[in-house]
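The first residue of the sequence shown is numbered 1, and numbering continues consecutively from there. No experiment lies behind these values; they were computed from the predicted model shown. Ligands are counted one by one from 1 in listed order, and the atoms in each one are counted from 1 as well.
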Amino acid sequence: MAEFKESMARRFNNVFVCQRCNATNRSGSGKPSKCRKCGSQRLRLKKKKRKSA
Ligand SMILES: [Zn+2]
């Protein structure tokens, strides 16, 4: 099940959420330098909430 886990990690590791306007910023590789919407540099990784984690 390693492939599944890696694909999930890849999916969510490339999504950042702006802490200013809460816009999601998807990045192909690495962290986006700034928010695509407001230009803020305050970005955090998006976390997925699951009932059974
Ligand atoms: Zn923003």
Please tabulate, one pair per line, all N/O donor-acceptor pairs under 3.5 Å involving side-chain atoms of residues 17-25, not counting sequence neighbours.
unit_1	atom_1	unit_2	atom_2	d
Q19	OE1	R42	NH2	3.3
N25	OD1	R36	N	2.7
N25	ND2	A23	O	3.1

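- Each protein N/O/S atom under 2.8 Å from the Zn ion (ligand 1) was counted, for a total of 4.
- Note that NZ of K46 and CZ of F16 are 12.5 Å apart. Values are rounded to the nearest 0.5 Å.
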